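Down below is the structure, laid out as structure tokens.
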Amino acid sequence: MMSKTNVAVFVSGSGTNLQALMDSSIESANIAVVVCDNPGAVAIKRARSRYIPVEVVNREDFESREEFERQIVVRISRYDVGLVVLAGFMRILTPYFINLFKDRIINIHPSLLPSFPGTNSVRQALNYGVKQTGCTVHFVGEEVDAGPIILQAAVPVAQEDAEENLLEKIHAQEHRILPEAVKLFCEGKLTLIGRRVLISS
Ligand code: GRF
């Protein structure tokens with residue numbers, strides 16, 4: 001039997017990417033815990049419906065980002081986490097957390113990085129007038145949305161696209177490449193060389 005990597009999925013909102021991860025039942029990955037900073041997030045219900053433990057840690061209960069993260073670390077310490085997946089987690093992590101899970105945190109972002117980092121990436125892409133946008137799965141470093149790129153998928157922008165339906169098209173690609181990237185990581189197929197991520201077959 002293939003050994004499994006315990007994965008912690010961090011969410012803040014609707015959790016469609018979490019759903020895609022759960023639905024893809026990756027043999028080498030075990031979604032051990034879901035961490036959520038928003039007690040009202042739909043993602044919590046999605047996790048509970050699959051009997052996955054949820055740790056709700058509300059940022060508002062803590063004075064600083066680091067205290068908030070220390071609490072998260074305490075809560076996930078019992079799950080032997082080998083990979084942290086930021087799947088719509090709306091908080092920027094501090095170097096404290098990033099270094100604790102060095103090269104073991106990945107994020108999904110709704111643009112073809114390095115274009116349109118930060119928030120409202122889909123609106124930014126539309127306003128800029130690009131003909132192609134998409135999504136990126138990348139390792140998380142200290143600089144926001146700038147870590148080494150694991151996978152990207154392009155999405156053409158149609159003339160009639162508005163933010164909402166373009167986001168839908170991007171989501172469809174996210175739900176494909178995020179599980180793929182998690183699978184590659186958990187199978188030990190990703191090698192970091194500087195900024196480049198090599199994928200072995
Ligand atoms: C996704 O578009 C992802 O790229 C961004 O946040 C969104 C999360 O959506 N980081 P969901 O909560 O997975 O539905």
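Because only heavy atoms are used, hydrogens play no part in the values below, and waters and symmetry mates are left out as well, while side chains stay in. Just so we're clear, the structure is a prediction, and the values are computed from it rather than from any experiment.
- For Glu55, the salt bridge (Lys or Arg N to Asp or Glu O under 4.0 Å) partners at least two apart in sequence or on another chain are Arg75, Arg78.
- Nearest approach of Ile108 to Ala87, heavy atoms of both residues: CG2-CA, 4.0 Å.
- Between Asp80 and Lys4, none of the side-chain N atoms (NZ, or NE/NH1/NH2) sits under 4.0 Å from a carboxylate O, so this pair counts as no salt bridge.
- Judged by distance alone, the side chain of Ser12 and the main-chain N or O of Met90 form a donor-acceptor pair under 3.5 Å.
- Scanning for ring pair (Phe, Tyr, Trp, His ring centres under 6.0 Å) contacts around Phe89 gives Phe10, with sequence neighbours left out.
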Item to check | Worked verdict on Val197 versus Leu192 for side-chain contact (heavy atoms from CB on, under 4.5 Å) | outcome: CA-CA 5 Å; Val197 178; Leu192 252 173; 4.0 Å; yes
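- Partners of Tyr128 under the ring pair (Phe, Tyr, Trp, His ring centres under 6.0 Å) rule, at least two apart in sequence or in another chain, are Phe116.
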Next on the checklist: Set out, in order, the CA-CA distance, both residues' side-chain angles and the distance that settles salt bridge (Lys or Arg N to Asp or Glu O under 4.0 Å) for Lys183 and Glu187, then state yes or no.
Outcome noted: CA-CA 6 Å; Lys183 182 169 183 275; Glu187 289 177 356; 3.5 Å; yes
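- Evaluation of the ring pair (Phe, Tyr, Trp, His ring centres under 6.0 Å) rule for Tyr79 yields no partner, not counting sequence neighbours.
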Item to check | Derivation and outcome, side-chain contact (heavy atoms from CB on, under 4.5 Å), residues Gln19 and Arg50 | outcome: CA-CA 10 Å; Gln19 190 70 50; Arg50 296 289 183 94; 3.5 Å; yes
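- Thr136 contributes a side-chain N or O that, together with a main-chain N or O of Ser111, makes up a donor-acceptor pair within less than 3.5 Å.
- For the atom pair Asp145 CG and Ser121 OG, the distance stands at 6.5 Å (nearest 0.5 Å).
- The main-chain N or O of Ser14 is found under 3.5 Å from a side-chain atom of Arg46 such that the two form a donor-acceptor pair.
- Exactly one of Val7, Leu21, Leu18 qualifies for a side chain to side chain contact (heavy atoms under 4.5 Å, CB included) with Val34. That residue is Leu18.
- Once rounded to the nearest 0.5 Å, the distance linking CD of Glu142 with CD1 of Ile98 reads 5.5 Å.
- Enclosure of atom NZ in Lys169 by more than 12 non-hydrogen atoms of other residues, nucleotides or ligands within 6.0 angstrom is indicated.
- A donor-acceptor pair under 3.5 Å links the side-chain atoms of Arg65 to the main chain of Ile92, judged by distance alone.
- Taking the side chain as every heavy atom from C-beta outward, His171 and Glu168 never approach each other to under 4.5 Å.
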Item to check | Verdict with reasoning, Leu86 to Leu93, per side-chain contact (heavy atoms from CB on, under 4.5 Å) | outcome: CA-CA 10 Å; Leu86 308 181; Leu93 296 168; 3.9 Å; yes
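- Once rounded to the nearest 0.5 Å, the distance linking OG of Ser25 with CG of Asn30 reads 11.5 Å.
- A side-chain donor from one of Glu69 and Thr94 sits under 3.5 Å from a side-chain acceptor of the other.
- Residue Arg195 comes nearest to Gly147 through the heavy atom pair NH2-O, 3.2 Å, listed as atom of the first residue, atom of the second, then distance.
- In this view, Thr16 and His175 satisfy the side-chain hydrogen bond (donor to acceptor under 3.5 Å, both in side chains) rule, not counting sequence neighbours.
- The salt bridge (Lys or Arg N to Asp or Glu O under 4.0 Å) search around Arg123 returns Glu163, not counting sequence neighbours.
- When every heavy atom of Ser77 is checked against every heavy atom of Val74, the shortest pair comes out as OG-O, 2.7 Å.
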Checklist entry - Checking side-chain contact (heavy atoms from CB on, under 4.5 Å) for the pair Arg70/Phe62: CA distance, chi angles, key distance, verdict? => result CA-CA 10 Å; Arg70 283 188 191 281; Phe62 301 88; over 6 Å; no
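- A donor-acceptor contact shorter than 3.5 Å is absent between the side chain of Asn38 and the backbone of Gly13.
- Pairing each heavy atom of Ile150 with each of Ile199, the nearest pair is O-CD1, 3.8 Å.
- The closest donor-acceptor contact from the side chain of Arg48 to the backbone of Pro53 lies at 3.5 Å or more, if one exists at all.
- The side-chain heavy atoms of Phe185 and Phe139, taken from C-beta on, include a pair separated by under 4.5 Å.
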